[in-house]
K.L.:
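My questions will all concern the structure given below.
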Protein chains: 2
Amino acid sequence: MSKLNSTFAALSDPTRFAIVNQLLENGEKSAGSLKGIVAISGPAISRHLKILRNAGVVEQRIDAQRRMYRVRPQAIMAIHNWTISHQEFWQSSLARLEQVLIAEKETK
Amino acid sequence: MSKLNSTFAALSDPTRFAIVNQLLENGEKSAGSLKGIVAISGPAISRHLKILRNAGVVEQRIDAQRRMYRVRPQAIMAIHNWTISHQEFWQSSLARLEQVLIAEKETK
DNA sequence: TTCTTATTTAACAATATAGTTAAATAAGAA
DNA sequence: TTCTTATTTAACTATATTGTTAAATAAGAA
């Protein structure tokens, strides 16, 4: 729980969020092939990957000259678990809001 | 999906993450009483709340001089839904990792 | 109206973030 | 070794973020 905000920080940048979604949807990708998904220089992608790695969101595997990146499942599960730990709050709040909308519809 | 990274940005600051957790656990709180949870000035808290509000993470209700803040359940649900949309990836990845650990234990 | 409480906005300084190009490093191929 | 491909690190600039104090605004109470 204490380092979840670092995970959120890693995912707060649009480029990094796009990288992570790309890796989640298509699995492992090289640094170079990730460069294609946004109009950005190589060094910029490289640094974003370093930030994601330091936050524990992705991990690296070396394949000859290429560095292959994939999402660490634990990172996404940690976010999931945080939402679950407050699930009662948001689910009941939403249920109440829905009841209000239904009541308003009946009044009109 | 497109504005989830703004939600993550709002939650990336440790002070804001603490504020949100406080509101999730104890419900609606005034700006002033939130000041107590971190050693920070009033104006700083006020601006953090504005950022959270702009990101759609909290909403405000006016009660005389006080501004009461509460978490918008939709914000947490949006995060939850994102983790769910990739659940197959992270759950099966974790299951595979666990299998590897079991296999290693048997080898030792 | 004037005082008090609660909160926000303004102005500013310090630090962090993200992008760029050029140089360095890593590793296979000629 | 030298060339080529892939990626990272260094150096630098521009912009964003966060915190502070002082002033402004909001609203009830005297």
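Naming: A, B, ... by sequence-line order, numbering from 1 per chain. Hydrogens, waters and symmetry mates are skipped; everything else that's a heavy atom, side chains included, is used. Fair warning: this is a prediction, and the values are worked out from it, not measured in the lab.
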K.L.:
Using whole Å, report how far CZ of B/Arg53 lies from C1' of C/dT7.
P.N.:
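Interatomic distance, CZ of B/Arg53 to C1' of C/dT7: 11 Å.
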K.L.:
At less than 4.0 Å, is any side-chain N or O atom of B/Gln60 found next to OP1 or OP2 of C/dT8? Yes or no.
P.N.:
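B/Gln60 to C/dT8 OP1/OP2: side-chain N or O found under 4.0 Å.
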K.L.:
Without decimals, in angstroms, what is the distance between A/Ile51 CD1 and D/dT7 C1'?
P.N.:
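About 16 Å, once rounded to whole Å.
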K.L.:
Starting from C1' on C/dT25, measure out to CZ on A/Arg66 and report it in whole angstrom.
P.N.:
18 Å
K.L.:
Rounding to an integer number of Å, can you tell me how far A/Leu11 CG sits from C/dA18 C1'?
P.N.:
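Computing the A/Leu11:CG to C/dA18:C1' distance gives 17 Å.
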K.L.:
List DNA chain C stems (3 or more consecutive Watson-Crick/G-U pairs, under 3.5 Å)?
P.N.:
C:1-30 with D:1-30
K.L.:
Does B/Asp13 offer a backbone N or O that forms a donor-acceptor pair with the side chain of A/Asn5 under 3.5 Å?
P.N.:
no
K.L.:
Between B/Lys35 (NZ) and D/dT20 (P), how many Å, whole number?
P.N.:
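That distance rounds to 11 Å.
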K.L.:
Does the side chain of A/Gln65 get closer than 4.0 angstrom to OP1 or OP2 of C/dA29 through an N or O atom?
P.N.:
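For C/dA29, OP1/OP2 do not have a side-chain N/O of A/Gln65 under 4.0 Å.
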K.L.:
Output the distance between atom NE2 (A/His80) and atom CD (A/Gln87), rounded to the nearest 0.5 Å.
P.N.:
7.5 Å
K.L.:
Quick check for you: among C/dA18, C/dA6, D/dA27, whose closest atom lies nearest to any side-chain atom of B/Ala64?
P.N.:
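Looking only at heavy atoms from C-beta outward on B/Ala64, the closest nucleotide is D/dA27.
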K.L.:
Quickly work out the B/Ile62 CD1 to C/dT7 P distance and round it to whole Å.
P.N.:
11 Å
K.L.:
Please examine the side chains of A/Leu11 and A/Ile79, heavy atoms only from C-beta on, and report whether any two atoms are closer than 4.5 Å.
P.N.:
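Heavy-atom side-chain distance check passes, below 4.5 Å.
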K.L.:
Under 3.5 Å, which donor-acceptor pairs do the side chains of residues 46-60 of chain B form with other protein atoms, sequence neighbours left out?
P.N.:
residue : atom : partner : partner atom : Å
B/His48 : ND1  : B/Arg16 : NH1          : 3.0
B/Asn54 : ND2  : B/Lys50 : O            : 3.4
B/Glu59 : OE2  : B/Arg70 : NE           : 3.0
B/Gln60 : NE2  : B/Tyr69 : OH           : 2.8

K.L.:
If the cut-off is 4.0 Å, is B/Tyr69 near the phosphate of C/dT8, judged by side-chain N/O to OP1 or OP2?
P.N.:
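Checking C/dT8 against B/Tyr69, a side-chain N or O does come within under 4.0 Å of OP1 or OP2.
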K.L.:
Between B/Trp90 and B/His86, is the ring centre distance below 6.0 Å?
P.N.:
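B/Trp90 vs B/His86: aromatic centres not under 6.0 Å.
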K.L.:
Output the rounded distance in Å from CZ (B/Arg67) to P (C/dT5).
P.N.:
17 Å
K.L.:
May I ask you to evaluate whether B/Ser30 reaches the phosphate of C/dT7, defined as a side-chain N or O under 4.0 Å from OP1 or OP2?
P.N.:
yes
K.L.:
Choosing from D/dT7, D/dT18, C/dA18, which nucleotide comes nearest the side chain of B/Arg16?
P.N.:
D/dT18
K.L.:
Could you check whether any side-chain N or O of A/Ser33 sits under 3.5 Å from a backbone N or O of A/Lys29, counting only pairs where one atom can act as donor and the other as acceptor?
P.N.:
no
K.L.:
On DNA chain D, compare the nucleotides closest to B/Ala9 and A/Ser33; which residue's is nearer the 5' end?
P.N.:
A/Ser33
K.L.:
Taking DNA chain D as the partner, which of residues 40-50 of chain A come within under 4.0 angstrom of it by heavy atom?
P.N.:
A/Gly42, A/Pro43, A/Ser46, A/Lys50
K.L.:
Can a donor-acceptor pair be found, under 3.5 Å and without considering hydrogens, that links the side chain of B/Ser92 to the backbone of B/Glu88?
P.N.:
yes
K.L.:
According to the interplanar angle, ranging from 0 to 90°, do the rings of B/Phe8 and A/Phe17 count as parallel (below 30°), tilted (30 to 60°) or perpendicular (above 60°)?
P.N.:
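Aromatic pair B/Phe8/A/Phe17 classed perpendicular.
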K.L.:
Quick one: A/Phe17 CZ to C/dA18 C1', roughly how many Å, whole number?
P.N.:
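From A/Phe17 CZ to C/dA18 C1': 19 Å.
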K.L.:
Within the 4.5 Å heavy-atom criterion, are B/Gln22 and B/Ile19 side-chain neighbours or not?
P.N.:
no
K.L.:
Out of the candidates B/Asn81, B/Thr7, B/Val71, only one should pair with B/Ile76 under the side chain to side chain contact (heavy atoms under 4.5 Å, CB included) rule; please name it.
P.N.:
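By the side chain to side chain contact (heavy atoms under 4.5 Å, CB included) criterion, B/Ile76 pairs with just one of B/Asn81, B/Thr7, B/Val71: B/Val71.
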